[in-house]
Asks: 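Below you will find the structure I want to go over with you.
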Amino acid sequence: MNNTTLLQLAGAGVLLLAGALAHADPCKLELTSNDQMQFNVRELIVPTECAEVEVTLRHSGKLPAKTMGHDWVLAKDSDMSGIITAGLAAGASRGYLPEHDARIIAATPIVGGGESATVKFPTTALQPGTRYAFFCTSPGHSTIMRGTFKFGDNSRLVRANEKTG
Ligand SMILES: [Cu+2]
């Protein structure tokens with residue numbers, strides 16, 4: 001084996017590594033929330049090939065859950081305001097989420113600064129082409145902390161899941 005071959009092998013290794021990073025599991029999504037009451041993405045897209053979706057919500061801030069807690073809730077767009085109202089009625093002790101509410105497709109618990117939470121759910125409840133929303137149910141947050149969730153629409157997958165800052 002001469003030096004050129006070794007260099008080629010090393011180069012191939014780097015390419016393989018880059019490929020693995022670029023093609024991270026599209027069924028596992030991650031988003032971040034902060035002390036400024038923001039999610040870092042406005043749109044999440046899951047390809048229809050996913051039988052199960054895993055969403056991890058991180059809180060990159062310092063404020064505790066009591067004052068700046070966030071959750072990640074998924075529902076049909078048309079169910080969002082009803083869930084938020086019911087969540088307010090449920091109150092802080094229930095994490096601002098109504099119990100046993102069939103409209104909620106998935107939800108994480110509320111996290112404070114430095115914490116994270118993960119939720120896994122099957123895609124059997126999702127239909128391609130339906131407009132879904134993700135949002136935070138902490139009081140007043142959903143006016144800013146909301147986004148669109150799509151099942152399918154693979155052509156826009158890479159761009160949409162890119163973090164916006
Ligand atoms: Cu929030």
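Since this is a predicted model, take the numbers as computed values, not measurements. First listed ligand is number 1; within each ligand, the first listed atom is number 1.
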Asks: Side chain to side chain contact (heavy atoms under 4.5 Å, CB included) with Lys120: which residues, sequence neighbours excluded?
Replies: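 Lys120: side chain to side chain contact (heavy atoms under 4.5 Å, CB included) contacts with Glu52, Glu54.
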Asks: Hey, can you tell me if His59 and His70 have their rings parallel, tilted or perpendicular (30° and 60° cut-offs)?
Replies: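 Plane angle under 30°, so parallel.
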Asks: Who are the side chain to side chain contact (heavy atoms under 4.5 Å, CB included) partners of Glu99, not counting sequence neighbours?
Replies: Arg94
Asks: For the Cu ion (ligand 1), which protein N/O/S atoms fall under 2.8 Å? Skip waters.
Replies: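 Sorted hits: His70 ND1, Cys136 SG, His141 ND1, Met145 SD.
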Asks: Supply the atom-to-atom distance Thr123 OG1 to Ile105 CD1, rounded to the nearest 0.5 angstrom.
Replies: 11.0 Å
Asks: Only counting residues at least two apart or in another chain, list the ones meeting side chain to side chain contact (heavy atoms under 4.5 Å, CB included) with Ser81.
Replies: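 Per chain and number, Ser81 pairs via side chain to side chain contact (heavy atoms under 4.5 Å, CB included) with no residue.
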Asks: With a 4.0 Å cut-off on N to O distance, would you call Arg103 and Asp79 a salt bridge?
Replies: no
